[in-house]
Amino acid sequence: MKVYLDNSATTPLNPYVLEAMLPFYTEKFGNAASIHSFGREANRAVSDAREIIAECINSRPSEIYFTSGGTESDNWALKGAVSVSKNKNKHIITTLIEHPAILNTCAELEKQNVKVTYLKPSKEGIINIKNLSESITEDTILSTIMFANNEIGTIQPIKEAAAICRDFGVLFHTDAVQAMDSQKIDVKDLGVDMLSMSAHKFHGPKGIGVLFLKTGSRLGKLINGGEQERGLRAGTTPTPLIVGMAKALEISNRDREINNERILRLRNRFIDMVLSEIPYAYLNGCRDSRLPNNANFSFAFIEGESILMRLDLAGIAVSSGSACASGSLEASHVILSLGVKEELAHSTIRFSLGVDTTEQQMDYVFNVLKKTVDDLRKMSPLYDYEKGIGSYV
Ligand code: PLP
């Protein structure tokens with residue numbers, strides 16, 4: 001059996017999305033900037049897509065800027081805000097659990113003398129909003145807090161954070177890349193100034209994203225070139241990808257409730273089975289304020305990589321807390337920031353369910369997982385199999 005439980009890494013393209021995209025690779029191939037009929041046809045499709053996306057997130061079409069994905073949107077939001085700021089000293093507030101697209105951009109900005117404050121989450125993986133207001137200084141130009149975490153799925157109090165920033169006159173950006181598929185995003189209600197998204201996380205194509213930029217917010221350019229995207233983001237408009245992104249978001253919006261309900265039931269059942277039947281298994285991140293498709297566990301005394309490889313041999317695709325983000329075998333910065341000890345952090349596995357996940361698949365995964373953990377513990381020097389106890393935790 002093949003089971004794909006890595007939907008936080010990427011999702012399969014919806015066939016209806018592909019169908020909508022294909023004509024723009026073939027007969028409707030025009031450059032959206034050209035004045036002739038081929039160009040006008042492409043331009044119209046891009047305008048329609050912009051309107052669909054705007055409607056899905058309750059923004060104006062003119063507030064939607066197409067980018068190459070979540071990474072570019074995040075880079076642009078931060079670097080663009082810094083480059084137009086007239087403050088002598090520049091200060092940004094973010095969190096310890098952001099995606100590398102934010103954290104490595106912050107690291108780069110620190111080299112340019114931008115001061116960055118990293119808020120620590122609770123052991124449940126949620127940021128304390130009080131820490132945000134206490135960290136704001138007269139130099140603060142921007143705060144960026146992710147909507148939902150890519151490893152543990154915890155959902156942050158974005159509306160409250162945006163309100164605090166508004167009171168202090170600080171720009172607020174959220175990386176909503178992981179949230180778009182399952183959370184209803186209304187930028188007006190949230191009160192955010194900027195929001196990043198990426199189509200391949202909601203069954204759209206890879207290589208296309210959006211930065212929502214509220215009217216009146218100023219942002220420097222990240223990419224220089226032509227006048228596309230109202231002069232703010234240069235590069236020939238990727239019409240098929242844009243059409244695909246709009247279609248994918250439209251479908252995601254339409255089917256959200258029904259998908260969430262089904263996925264949440266399967267996910268909760270899986271969490272209950274793991275916690276009750278596999279000893280020394282710990283759920284990372286709080287259970288309630290969490291994406292419905294995410295289950296992230298540490299299995300003490302064994303390596304996450306070993307579990308991942310055994311599951312892979314059984315046809316099951318999951319992700320471990322380490323490796324993926326950094327290409328190294330360091331323990332995940334997200335899990336460590338929860339206060340989890342390094343050895344335990346190394347035993348972390350993320351299961352991210354999707355629209356196609358079935359109960360039979362989850363039963364199969366559970367059985368393979370239980371046997372895998374049991375087998376690996378038999379070989380672990382840290383675990384006394386006879387006594388069922390280990391030398392740490
Ligand atoms: N931000 C978060 C929270 C993510 O999970 C990801 C991708 O995993 C990104 C940003 C990067 O998005 P993209 O793959 O579109 O560059």
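What you see is a predicted model, and the numbers here were worked out from it, not measured in a lab. Each ligand, and each atom within it, is numbered from 1 in the order the structure gives.
Under 4.0 angstrom from ligand 1, the non-hydrogen atoms of T71 come from both its backbone and its side chain.
Side-chain atoms of S352 never come within 3.5 Å of backbone atoms of N293 as a donor-acceptor pair (strictly under, hydrogens ignored).
For the side chain to side chain contact (heavy atoms under 4.5 Å, CB included) test with L171, the passing option among S85, S143, S217 is S217; the others fail.
Taking the six-membered ring where tryptophan is involved, the planes of F297 and F351 are perpendicular, since the angle between them exceeds 60° and thus also 30°.
The residue among G70, S68, A148, G69 with a heavy atom at the shortest distance from atom 12 (O) of ligand 1 is G70.
Within the structure, the closest approach of K206 to ligand 1 does not fall below 4.0 Å when heavy atoms are considered. At least one heavy atom of H200 sits closer than 4.0 Å to an atom of ligand 1.
Among protein heavy atoms, the minimum distance from atom 8 (O) of ligand 1 is reached at K201 NZ, 2.6 Å. Counting only heavy atoms of the protein, atom 1 (N) of ligand 1 lies nearest to D175 OD2, 2.6 Å. Of the protein's non-hydrogen atoms, the one nearest atom 4 (C) of ligand 1 is H99 CD2, 3.2 Å. Annotation: atom 5 (O) of ligand 1 to nearest protein heavy atom, Q178 NE2, 2.7 Å.
Taking the centre and axis of the six-membered ring of F172, the NZ or CZ atom of R166 falls outside the cone set by 45° and 6.0 Å.
Using a 4.0 Å cut-off to heavy atoms of S198, the atoms of ligand 1 that qualify are 13 (P), 15 (O). Residue contact check: D74 has heavy atoms under 4.0 Å from atoms 1 (N), 10 (C) of ligand 1. Every atom of ligand 1 is numbered from 1 in the order shown, and the set under 4.0 Å from a heavy atom of N150 is 3 (C), 5 (O).
In this structure, CE in M146 is found 9.5 Å from CD1 in I127, a value given to the nearest 0.5 Å.
Annotation: salt bridge (Lys or Arg N to Asp or Glu O under 4.0 Å) contacts involving residues 56-78, sequence neighbours excluded, comprise E72-R233.
Ion pairing of E108 with K111 is present here, as a side-chain N (NZ or NE/NH1/NH2) and a carboxylate O approach within less than 4.0 Å.
Listed by chain and number, the residues in a ring-ring contact (aromatic ring centres under 6.0 Å, His included) with F366 amount to none (sequence neighbours excluded).
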